[in-house]
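Below is one structure; the comments refer to it alone.
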Amino acid sequence: MSFLELLKIEFMKVKRGKMIPLIFIAPLLVVASGVANLQNYFSPEYTNAWAAMFIQSALVYAYYLLPFSMIVVCVMIVGRETENNGILKMLALPVSRYALSAAKFCVLLFFLFMEMVVFLVVFVIAGLVATRNTGIAEALPVMYILRWCAGLFFTMLPSVATMWAITVLFEKSLLSVGLNLLLVIPGVLVANTRLWIVYPYCYSGYLVSCSLHDFTAKGISIGFNLFPFLPCAILVFILVLTVAVKRFGKKEMR
């Protein structure tokens with residue numbers, strides 16, 4: 001069985017599940033509340049309204065709601081296989097468990113991508129309503145929004161890989177959820193230390209924090225430096241994904 005055939009099977013399972021509506025919850029909550037709260041401070045003369053709305057919405061989303069939703073997706077993907085010994089049936093087929101784990105991780109990345117698309121769409125709609133209601137004539141900064149949404153997606157990759165590895169390693173879903181939650185919660189604290197570079201759970205939040213600093217510092221930019229972040233993020237991503245791929249189905253084959 002080829003890898004593409006495995007992907008088709010995994011996506012067929014997704015269609016039958018209840019995971020797709022899950023990706024709408026976090027973006028709707030954070031954008032609706034963030035834009036609605038900030039709209040009260042807008043006036044027709046307000047400048048940089050789109051940047052303010054994005055930072056207001058993305059800060060909590062990047063640190064907490066997006067990681068929380070990905071943790072739930074990880075558990076649901078693994079849980080679908082553990083029901084009725086589905087994982088044993090899959091491992092009995094002439095399929096590499098490494099390929100099977102990689103296919104499931106691709107599905108997880110698909111959910112991450114789709115949630116970012118939902119966040120983008122919901123944010124644009126809410127922003128257009130807010131600017132129209134307050135009479136702000138500022139044009140929609142398409143490239144600005146796309147750039148930051150793409151940044152959120154790519155900085156989430158090491159974190160999602162780590163979540164997936166923890167979910168694979170622990171047989172009890174309660175343990176994997178609890179450990180992932182414990183690692184997500186201090187992300188905002190770690191982001192304010194030099195240790196943020198080795199803590200994937202705060203990468204996307206740190207990105208938005210840099211944007212917030214640049215927005216409030218009146219032209220003084222600290223930027224989000226790709227070095228040493230990029231080599232460290234790639235190393236973390238490869239290491240944890242390797243662990244997840246090699247350990248997937250290991251305990252079931254004993």
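Since the model is a prediction, treat every value here as computed from it, not as a measurement.
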Revision key, fill the gap. Sorted by chain and number, sequence neighbours left out, side-chain contact (heavy atoms from CB on, under 4.5 Å) with V129 holds for N133
**Study point:** side-chain contact (heavy atoms from CB on, under 4.5 Å) partners for L181, two or more places apart
**Key:** F68, I71, V177
Review point. Any side-chain hydrogen bond (donor to acceptor under 3.5 Å, both in side chains) pairs touching residues 179-192, not counting sequence neighbours?
Key: N180-Y201
Practice item. Quick one: which residue pairs count as a side-chain hydrogen bond (donor to acceptor under 3.5 Å, both in side chains) with a foot in residues 60-71, not counting sequence neighbours? Key: Y61-E115, Y63-S209, S69-E115
Review point. Can you list the residues that meet the ring pair (Phe, Tyr, Trp, His ring centres under 6.0 Å) rule with F113, with sequence neighbours excluded?
Key: none
How many angstroms lie between atom [atom1] of [X] and atom [atom2] of [Y], to the nearest 0.5 angstrom?
{"X": "C202", "Y": "L189", "atom1": "SG", "atom2": "CG", "value": "10.0 Å"}
{"X": "L241", "Y": "S101", "atom1": "CG", "atom2": "OG", "value": "7.0 Å"}
{"X": "T155", "Y": "L157", "atom1": "OG1", "atom2": "CG", "value": "8.0 Å"}
{"X": "M116", "Y": "C149", "atom1": "CE", "atom2": "SG", "value": "4.5 Å"}
{"X": "F227", "Y": "I197", "atom1": "CZ", "atom2": "CD1", "value": "9.0 Å"}

Review point. Rest of the hydrophobic cluster containing L235 (Ile/Leu/Val/Met/Phe/Trp/Tyr, side-chain heavy atoms under 4.5 Å)?
Key: L239
Review point. Under 6.0 Å between the ring centres of Y199 and Y206?
Key: no
Check your understanding: So do the side chains of I234 and L230 get within less than 4.5 Å of each other, counting heavy atoms only?
Key -> yes
**Study point:** Criterion side chain to side chain contact (heavy atoms under 4.5 Å, CB included) against W164, the qualifying member of V240, L109, I77
**Key:** I77
Practice item. Measure from the side-chain N and O atoms of E138 to the backbone N and O of A49, and report whether any donor-acceptor pair falls under 3.5 Å. Key: yes
